[in-house]
2 protein chains.
Amino acid sequence: MQNKQIPRYQQLKDLIIEQIYDGALKPLQRVPSENQLVKSMGVSRMTANRALKELNEEGYLNRRAGVGSFVSDFRVNSHLFEIKNIADEVAFRGNKHNSRIIKQSLIDVPRKISRIMNIDSNEQIFHILLVHYEDSIPIQIEDRYINRFFAPNFLEQDFLSITPSSYLSGISPLHQAEQIVSAIIPKNLISNLLEIEKESPCLLITRKTWVKKEMITYGKFYHPGDRYELVGHYEPVKSNKFQKNNKKFM
Amino acid sequence: MQNKQIPRYQQLKDLIIEQIYDGALKPLQRVPSENQLVKSMGVSRMTANRALKELNEEGYLNRRAGVGSFVSDFRVNSHLFEIKNIADEVAFRGNKHNSRIIKQSLIDVPRKISRIMNIDSNEQIFHILLVHYEDSIPIQIEDRYINRFFAPNFLEQDFLSITPSSYLSGISPLHQAEQIVSAIIPKNLISNLLEIEKESPCLLITRKTWVKKEMITYGKFYHPGDRYELVGHYEPVKSNKFQKNNKKFM
DNA sequence: TCTAATTTGTACGTATGTATG
DNA sequence: ACATACATACGTACAAATTAG
């Protein structure tokens, strides 16, 4: 612990976050206990406690009294938990999720994608187009481009058994994400795949995700307007009950 | 400080939150300093610090070193800051917001609203229907019901100069909110007011808000699909810079 | 401009309680 | 019963920011 301007607890946090992002600390792996940090880092127990406590609140770690502190399993639910995995959502409603792969290929970067993702246009990129079903009813079309260096084994994945979102967030937790929601009348290809009338409205979610300041995926997610709703529930954190409940999602 | 099961810092927090909700502590008002709490509550400074620190992080208070701790001004931006005020959004984009009031009245509770809001159907309720414009282009229709006991002076408000959202959250901060986003083709009344083609898609946001476990408002917000987007940007809290920046919104 | 007082921010040391294995 | 680890709590100290005089 050296730097003077940055508080020690923050330096500790940054150190651990860095190791998580670098892969030195992997999901579910144990991180040093408070007392170990006291010895190895030369800080007080309260300082170590604050660092680990805040990392827990921010979703990087899970802590259990009497057990220890562990890196969160971002595959289940990342700290960016607003970004939902469609399969989990369906399962949560007690229904059966499955999917149909329309395309899964390595292609030349389309002009538009090249601009959006800032990738050279004579590079190549993974593209996937698939339909998600809830109890055999189409509920989402996923039309997504994936940086090929981020997920080199993308083509070999079986996306019938694991969703692309789940696979991708297993490689590395997201650092940033952006979602834009709009209402549209989709093109014929989309309405056919969703098995809806030609002029029916759809929710279109355009999502960008980043890892280390680099855009990793860009995708469009189409939902039938009458079969899907984005639900948001907000309440202030009033008691530590909330934090404890939250752990169920980790 | 008495109770045994609940931690003292939590009891302190609950006490202050209660006073904010009861109106004993009003927005912008000063709350006791850490040292005052040490004396009056018989807790240690660290415990008082933890309570006030967490209330700050949760948005109830604003704290400044050398100055003190103050109740947040929920009128500007509540801790449920995901619930945006349309006028602020428009202003943020550098455009001019204005609105047109179609209805502003006290009516018998419609059957459907009675069920949703759990209000006796021979009671009365406020109803407002207005169109929000961004640079004179319709951007949102607000169709909202408001519990008349919560906002007794609702009819006397001039909603051309202050939005209903802003007025309502000035009465009391929200305790809970729910938003459901869907894509629809609106009825003629709505498409006329939004000045869009008959079969154009719209984003429909259905919003419920609660204060003290009681539903205070229920409303539908219609946006032209091609003129409005819900944008969400997510990134993990990596440093305390984030918290400091957040204060700008208070 | 300087000083003192107040308030928050950070940090250390210590102690006790609770949960877990 | 015991050791380990986190949770809470008290006491103390100094630094940084701000305000009042």
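Owing to the predicted nature of the structure, the values given are computational and were not obtained by experimental measurement.
- Here the options are Phe126(B), Tyr218(B), Tyr167(B), the test is side chain to side chain contact (heavy atoms under 4.5 Å, CB included), and the partner is Ile146(B); only Phe126(B) passes.
- Summarising the geometry, the separation between CG on Asn49(B) and P on dA15(D) is reported as 18 Å, rounded to the nearest angstrom.
- In this structure, Arg30(A) places its CZ atom 9 Å from C1' of dT4(D), rounding to the nearest Å.
- Nucleotide dA1(D) has no partner under the Watson-Crick or G-U criteria, as no pair reaches both atom distances under 3.5 Å.
- For the pair Ala65(A) and Gly66(B), both in contact range of DNA chain D, the more 5′-proximal nearest nucleotide belongs to Ala65(A).
- Listed by first and then second residue, the salt bridge (Lys or Arg N to Asp or Glu O under 4.0 Å) pairs that reach into residues 32-41 of chain B are Glu34(B)-Arg45(B), Glu34(B)-Arg63(B), sequence neighbours excluded.
- Using a 4.0 Å cut-off between charged nitrogen and carboxylate oxygen, Glu134(A) and Arg93(A) count as a salt-bridge pair.
- For Arg64(B) against dA16(D), no side-chain N or O and base N or O form a donor-acceptor pair under 3.5 Å.
- Regarding contacts with the backbone of dA7(D), a side-chain N or O of Arg63(A) is found under 4.0 angstrom from either OP1 or OP2.
- Note on Arg45(A): a base of the nucleic acid sits closer than 4.0 angstrom, heavy atoms only.
- Salt bridge present: Lys13(B) and Glu58(B) bring a charged side-chain N and a carboxylate O closer than 4.0 Å.
- Taking Lys53(A) as the reference, Glu57(A), Glu54(B) meet the salt bridge (charged side-chain N to carboxylate O under 4.0 Å, His left out) condition, with sequence neighbours excluded.
- In this view, Arg115(B) satisfies the side chain to side chain donor-acceptor pair (under 3.5 Å) rule with no residue, not counting sequence neighbours.
- Evaluation of the side chain to side chain donor-acceptor pair (under 3.5 Å) rule for Gln104(B) yields no partner, not counting sequence neighbours.
- For Ser44(A), whose side chain is taken as the heavy atoms from C-beta onward, the closest listed nucleotide among dA19(C), dG13(C), dG11(D) is dG13(C).
- At whole-Å resolution of the value, NZ in Lys53(A) and C1' in dT8(D) are 11 Å apart.
- As a whole-Å value, the separation of Asn62(A) CG from dA19(C) P is 19 Å.
- For residues 32-40 of chain A, proximity to DNA chain C is found at no residue, defined as any non-hydrogen atom under 4.0 angstrom from a strand atom.
- As rounded to whole Å, 12 Å separates atom C1' of dT10(C) from atom CD of Glu54(A).
- Contacts classified as salt bridge (Lys or Arg N to Asp or Glu O under 4.0 Å) and involving residues 146-159 of chain A (residues at least two apart or in different chains) are given here: Glu123(A)-Arg148(A).
- Of the side-chain N and O atoms in Thr47(B), none sit less than 4.0 angstrom from OP1 or OP2 of dT8(D).
- Separating the NZ atom of Lys13(A) from the C1' atom of dT10(C) is a distance of 14 Å, rounded to the nearest angstrom.
- The CD1 atom of Ile6(A) sits 16 Å away from the C1' atom of dA11(C) (whole-angstrom rounding).
- Look at Tyr9(A) and you'll find a side-chain N or O under 4.0 angstrom from OP1 or OP2 of dT10(C).
- Taking only side-chain nitrogens and oxygens, Arg50(A) comes nearer than 4.0 Å to OP1 or OP2 of dT10(C).
- Distance, Leu61(A) CG to dC6(D) C1': 13 Å, rounded to whole Å.
- Ranked by how close their nearest DNA chain D nucleotide is to the 5' end, Gly68(A) and Met46(A) are led by Gly68(A).
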